[in-house]
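Below: one structure, written as structure tokens.
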Amino acid sequence: MQSIDFAATVDFVERLLHTDLRLERIAEHTGYSPYHLHRSFRVAFGLTPHAYVHRRRLTEAARELSLTSEPVIDIATSHGFRNQQSFTNAFTAGYGLSPAVWRRTRPFFPLLSPYHFAESEWEIGRAADGFEITDRADVGRLLPLSHASVDMLPVLVPEQHTEALNRLLDSCRVLLAHVDGHPAAAMIVDPGNGHIEYLAVHPLARGSSVVRALVDRAGRHHRRLSVTTFREGDKADLGHRRALLSLGFGPASLRTEFGHPTQLLELDPSGGPL
């Protein structure tokens with residue numbers, strides 16, 4: 001599939017997000033077989049069409065929970081869920097709290113933003129391993145990357161996230177991988193202890209070796225690296241834990257961040273897991 005086909009597929013899904021969107025229906029619209037669509041979509045974005053639809057529905061349902069007083073059952077059925085129980089189970093797995101509790105206690109943040117990319121951004125997916133890495137970046141370059149890769153972040157409330165990025169950029173080392181100026185991935189590392197405070201990878205770069213390149217670059221300056229990610233079996237994880245483990249990180253202590261259960265992973269760049 002070409003970039004124009006993926007863009008059209010995402011547009012189709014977003015227009016009909018709350019209707020019956022089985023893989024066969026999406027494939028029929030694209031003109032590809034279900035198998036080819038499923039495989040190509042996953043290679044391009046790092047998640048299946050089903051996972052994309054599911055997380056986008058949860059995100060829009062969370063938005064409505066936050067902004068309206070509509071009953072939970074009405075929000076559930078209007079966003080493609082069969083009943084309130086199936087919605088509650090899915091929402092709790094994704095957001096960590098039941099819809100009712102989340103509505104009372106949390107500001108809105110997305111599980112997944114729409115994959116609407118500028119034509120020039122598609123170069124990220126075509127770059128393979130042709131990334132340039134710089135040690136300079138500002139909030140203006142990192143914020144769009146954060147929104148595109150929000151599924152990697154425990155929470156993203158824009159004002160708080162901007163403030164946090166500014167603090168990190170003032171005190172930590174930043175590494176930005178880009179393609180012709182378009183951010184593909186970024187890492188912010190605490191210079192004191194080697195902890196990766198921020199890691200974001202553009203969906204179109206998920207199938208590349210960009211994270212390996214950033215880890216290798218960071219390893220030049222730090223004897224040990226660590227990062228916090230999802231716990232094993234967390235249904236909110238789209239494969240980010242597995243990707244980090246494949247780079248040699250090993251499980252360490254269990255943690256809780258922003259009310260979400262997480263785990264610290266550690267790596268000795270010269271010798272593998274600690």
Side-chain angles (χ1 to χ4, degrees), residues 96 106-107 109-111 113 131 133-178 183-203 205-206 209-232 234 236-270 272-274:
R106 297 293 176 87
F109 64 89
L111 282 182
S113 299
F131 301 101
I133 298 179
T134 179
D135 60 359
R136 295 184 179 183
D138 56 28
V139 171
R141 300 193 75 186
L142 294 182
L143 275 178
L145 181 62
S146 293
H147 284 282
S149 55
V150 67
D151 56 292
M152 299 184 69
L153 307 177
V155 62
L156 198 162
V157 178
E159 296 79 8
Q160 297 174 9
H161 187 67
T162 300
E163 292 175 3
L165 283 178
N166 276 316
R167 289 196 300 269
L168 291 174
L169 291 173
D170 284 342
S171 60
C172 297
R173 176 176 290 111
V174 61
L175 296 172
L176 175 69
H178 64 92
M187 177 183 290
I188 301 178
V189 187
D190 187 319
N193 57 23
H195 184 68
I196 300 170
E197 298 284 354
Y198 171 89
L199 177 63
V201 184
H202 195 288
R206 302 278 170 89
S209 60
V210 67
V211 178
R212 164 64 72 185
L214 292 177
V215 168
D216 289 347
R217 181 69 66 90
R220 299 178 188 177
H221 304 281
H222 302 280
R223 189 175 70 84
R224 295 181 177 182
L225 294 172
S226 63
V227 64
T228 304
T229 190
F230 299 92
R231 292 187 188 182
E232 184 177 6
D234 191 330
D237 182 14
L238 288 176
H240 307 306
R241 175 189 174 90
R242 182 176 64 252
L244 290 167
L245 293 175
S246 73
L247 296 177
F249 284 88
S253 59
L254 299 177
R255 297 184 171 187
T256 299
E257 294 188 349
F258 301 97
H260 196 88
T262 60
Q263 184 167 25
L264 185 72
L265 304 183
E266 296 181 330
L267 172 73
D268 177 350
S270 63
L274 297 174

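- In this structure S246 satisfies the side chain to side chain contact (heavy atoms under 4.5 Å, CB included) test with no other residue, sequence neighbours excluded.
- To the nearest 0.5 Å, atoms CG (L267) and CD1 (I196) are separated by 8.0 Å.
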| query | Passes side chain to side chain contact (heavy atoms under 4.5 Å, CB included), E232 versus R241? Steps please. | reply | CA-CA 8 Å; E232 184 177 6; R241 175 189 174 90; 3.8 Å; yes
All N/O donor-acceptor pairs, side-chain side in residues 163-170, below 3.5 Å, sequence neighbours left out:
unit_1 : atom_1 : unit_2 : atom_2 : d
N166   : ND2    : T162   : O      : 3.3

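- Evaluation of the side chain to side chain contact (heavy atoms under 4.5 Å, CB included) rule for R231 yields L254, T256, P261, Q263 as partners, not counting sequence neighbours.
- The nearest pair of heavy atoms linking P183 to L176 is CB-CD1, 3.9 Å.
- A distance of 8.0 Å separates OG1 of T228 from CD of E197, quoted to the nearest 0.5 Å.
- Taken to the nearest 0.5 Å, the CZ atom of F230 stands 12.0 Å off from the CZ atom of R242.
- Here the straight-line distance linking atom CG of D237 with atom OG1 of T229 works out to 5.5 Å at 0.5 Å rounding.
- With rounding to the nearest 0.5 angstrom, the CG atom of L199 is 9.0 Å from the NE2 atom of H240.
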| said: Does F131 form a side chain to side chain contact (heavy atoms under 4.5 Å, CB included) with H178? I'd like the steps, not just the answer. | reply: CA-CA 6 Å; F131 301 101; H178 64 92; over 6 Å; no
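- Across all non-hydrogen atoms, the minimal contact from C172 to I188 is CB-CG2, 3.4 Å.
- Among V189, L247, L244, the single residue meeting the side chain to side chain contact (heavy atoms under 4.5 Å, CB included) criterion with V227 is L244.
- Within the 4.5 Å cutoff, the side chain of N193 has no heavy atoms near those of the S226 side chain.
- Side-chain atoms of F249 and V215, non-hydrogen and from C-beta on, do get closer than 4.5 Å to each other.
- Across all non-hydrogen atoms, the minimal contact from V211 to V201 is CG2-CG2, 3.4 Å.
- Side chains of H260 and R255 form no contact here, defined as non-hydrogen atoms less than 4.5 Å apart.
- Here D216 does not pair with R220 in a salt bridge; the nearest charged N to carboxylate O distance is not below 4.0 Å.
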| said: For a side chain to side chain contact (heavy atoms under 4.5 Å, CB included) check, start with the C-alpha distance between L264 and H195, then their side-chain angles and the critical distance, and finish with the verdict. | reply: CA-CA 10 Å; L264 185 72; H195 184 68; 3.6 Å; yes
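- Note that the CD1 atom of I133 and the CZ atom of R217 stand 4.5 Å from one another [nearest 0.5 Å].
- In this structure the side chain of M152 reaches within 4.5 angstrom of the side chain of R206, judged on heavy atoms.
- The heavy-atom pair separating A177 from V210 by the smallest distance is CB-CG2, 3.4 Å.
- Listed by chain and residue number, H222 satisfy the side chain to side chain donor-acceptor pair (under 3.5 Å) test with R173 (two or more places apart in sequence, or in another chain).
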Distance-only donor-acceptor hits, side chain of residues 138-150, under 3.5 Å, sequence neighbours excluded:
unit_1 : atom_1 : unit_2 : atom_2 : d
D138   : OD1    : G140   : N      : 3.2
D138   : OD1    : R141   : N      : 3.0
R141   : NH2    : G181   : O      : 2.7
S146   : OG     : L142   : O      : 3.2
S146   : OG     : H161   : NE2    : 2.8
S146   : OG     : Y198   : OH     : 2.7
S149   : OG     : L145   : O      : 2.6

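- With sequence neighbours left out, D190 forms a salt bridge (Lys or Arg N to Asp or Glu O under 4.0 Å) with no residue at all.
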